[in-house]
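What you see below is based on every heavy atom in this structure, not just the backbone, and it leaves out hydrogens, waters and symmetry mates. Order of listing sets the numbers, starting from 1, for every ligand and every atom in it.
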Amino acid sequence: MSISVDSAAGQAVKAADRAHVFHSWSAQALIDPLAVAGAEGSYFWDYEGNRFLDFSSQLVNTNIGHQHPKVVAAIQEQAGKLCTFAPAFAVDVRSEAARLIAERTPGDLDKIFFTNGGAEANENAIRMARLHTGRQKVLSTYRSYHGATANAIAMTGDPRRWANETGVSGIVHFWGPYTYRSNFHAENEAQECERALQHLEATIAFEGPQTVAAIILETVVGTAGILVPPAGYLAGVREICDRYGIVFILDEVMAGFGRTGAWFAADHWGVTPDLLTFAKGVNSGYVPLGGVAISGAIARTFDERPFPGGLTYSGHPLACASAVATIDAMAEEGIVEHARHLGETVIGPGLRELAERHPVIGEVRGLGVFWALELVRDRATREPLTPYNATGAAAAPMAELAAACKQRGLWPFVNMNRLHVVPPCNSTEAEVKEGLAILDEVLSLADAHTV
Ligand SMILES: Cc1ncc(COP(=O)(O)O)c(C=O)c1O
């Protein structure tokens with residue numbers, strides 16, 4: 001790691017950014033982006049010589065950390081050979097990336113449609129579902145994120161949807177399981193599972209089963225809370241979909257490619273969807289890539305009938321070369337097994353130990369390297385540390401916590417009243433412990449807000 005101080009360079013980067021870069025999800029005048037000078041493995045650093053342990057994996061995508069040498073080399077090699085080629089051609093790295101992904105996806109999800117990211121993957125998945133079934137409606141959960149394009153944001157069940165709504169999406173939201181804040185007055189996981197499935201059945205009955213093309217779920221809900229489904233829930237949804245001829249889509253954009261300690265989160269429950277969407281971890285985001293893994297039955301719908309969708313960069317060679325190298329590196333280095341090991345022996349136990357010391361922790365949940373601390377003012381009432389979608393002064397306790405992490409060299413992932421622990425899947429035990437020690441310090445500050 002060559003970290004040096006070059007304040008003038010940092011200021012120039014920042015000045016051009018503020019003058020010309022229009023940032024996502026932001027009031028442009030109210031943000032202060034950090035100028036990044038470099039990154040390696042689980043760390044990145046700025047131009048002032050400050051180094052940060054990346055406990056966010058950026059946007060939960062750098063599953064193999066920053067600048068993995070094998071992936072960097074594969075991109076360089078591919079750039080020297082063939083930078084780009086139109087999707088209509090058969091290209092070696094595209095074929096190989098599709099083969100490696102199909103080999104790992106569950107069941108008969110053996111055909112891969114490549115996109116540039118997760119939202120486009122979900123757009124195309126619902127396009128396939130609508131054409132395959134001849135139905136229009138899509139059911140998705142509150143507390144979800146599926147991307148920022150038209151249908152993907154309409155399917156999203158968090159406040160990012162509100163400003164994007166047209167009112168004519170054909171998308172209906174329902175409640176998924178979340179035992180800690182049960183909408184079904186459930187007292188345990190088994191009750192939550194049973195009642196969430198009853199609620200889904202009722203939603204379908206009142207929408208009209210013959211109008212529903214697809215149900216889309218994040219296998220483990222990511223940004224909206226790391227919500228791990230109770231045993232039996234996904235199998236129950238699979239059964240409901242089969243009964244009504246509804247396409248079951250699992251969004252594994254965040255949960256896939258090792259994040260949960262399995263290649264796909266669906267593997268934990270032995271459930272096979274009809275369509276599985278991926279992005280992020282497929283190549284750690286080194287070059288934009290996403291896609292849809294398609295079942296035999298849905299693929300056959302488009303055997304004789306053209307699929308009415310496509311992208312100039314579908315299966316981009318640089319992106320596919322980086323996916324091949326990422327998947328190979330993950331397999332060779334046992335990164336998926338390592339992610340599971342970290343979750344079972346370091347992160348899970350470490351976070352539970354923090355919960356013993358810090359009353360602000362209401363619940364610890366997760367698996368692999370995909371964890372959330374749900375922070376509360378009062379453990380008895382479960383009142384969140386900050387109200388849902390709080391801004392300004394109401395959000396201050398979480399903003400203070402994030403700032404305290406950064407001051408101590410830890411880059412956190414914070415959403416509403418939750419702190420997510422989502423380092424790269426190949427973080428060392430020592431790195432994870434370094435991060436947990438910093439969390440221990442900063443959570444003492446947050447404890448001050450409890451009753
Ligand atoms: C579960 C899930 N689906 C879809 C998306 C959208 O992916 P992208 O930002 O690549 O369009 C995200 C992004 O965070 C995600 O977490």
**OP:** Tell me, please, whether Y145 has R160 positioned over its six-membered ring: NZ or CZ under 6.0 Å from the ring centre and within 45 degrees of its axis?
**Re:**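 So R160 does make the cation-pi contact.
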Subject >> R51 to Y43, cation-pi by 6.0 Å centre distance and 45° axis angle >> reply: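 So R51 does make the cation-pi contact.
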Let me check something: any side-chain donor-acceptor pairs from residues 249-256 under 3.5 Å, sequence neighbours excluded? List them with distances.
{"residue": "D251", "atom": "OD1", "partner": "V253", "partner atom": "N", "Å": "2.9"}
{"residue": "D251", "atom": "OD2", "partner": "N122", "partner atom": "ND2", "Å": "2.9"}
{"residue": "D251", "atom": "OD2", "partner": "H146", "partner atom": "ND1", "Å": "2.8"}
{"residue": "E252", "atom": "OE1", "partner": "A265", "partner atom": "N", "Å": "2.7"}
{"residue": "E252", "atom": "OE2", "partner": "T219", "partner atom": "OG1", "Å": "2.9"}
{"residue": "E252", "atom": "OE2", "partner": "A265", "partner atom": "N", "Å": "3.2"}
{"residue": "E252", "atom": "OE2", "partner": "A266", "partner atom": "N", "Å": "2.9"}

Compile the donor-acceptor pairs under 3.5 Å between side chains in residues 419-427 and protein atoms, sequence neighbours left out, one pair per line.
{"residue": "H420", "atom": "NE2", "partner": "R418", "partner atom": "NH1", "Å": "2.8"}
{"residue": "N426", "atom": "ND2", "partner": "I64", "partner atom": "O", "Å": "3.0"}
{"residue": "S427", "atom": "OG", "partner": "P424", "partner atom": "O", "Å": "2.7"}

**OP:** Take atom CZ of F89 as the centre, draw a 6.0 Å sphere, and report whether it contains more than 12 heavy atoms from other residues, nucleotides or ligands.
**Re:**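 Counting other residues, nucleotides and ligands, CZ of F89 stays at 12 neighbours or fewer.
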Subject >> Qualifying residues under salt bridge (Lys or Arg N to Asp or Glu O under 4.0 Å), relative to E96, sequence neighbours excluded >> reply: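 R99.
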Original post:
Around ligand 1, what residues show up once you keep those with a heavy atom under 4.0 Å from it?
Top reply: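 Contacting ligand 1 under 4.0 Å are G117, G118, A119, N122, Y145, H146, G147, E218, D251, V253, M254, K280.
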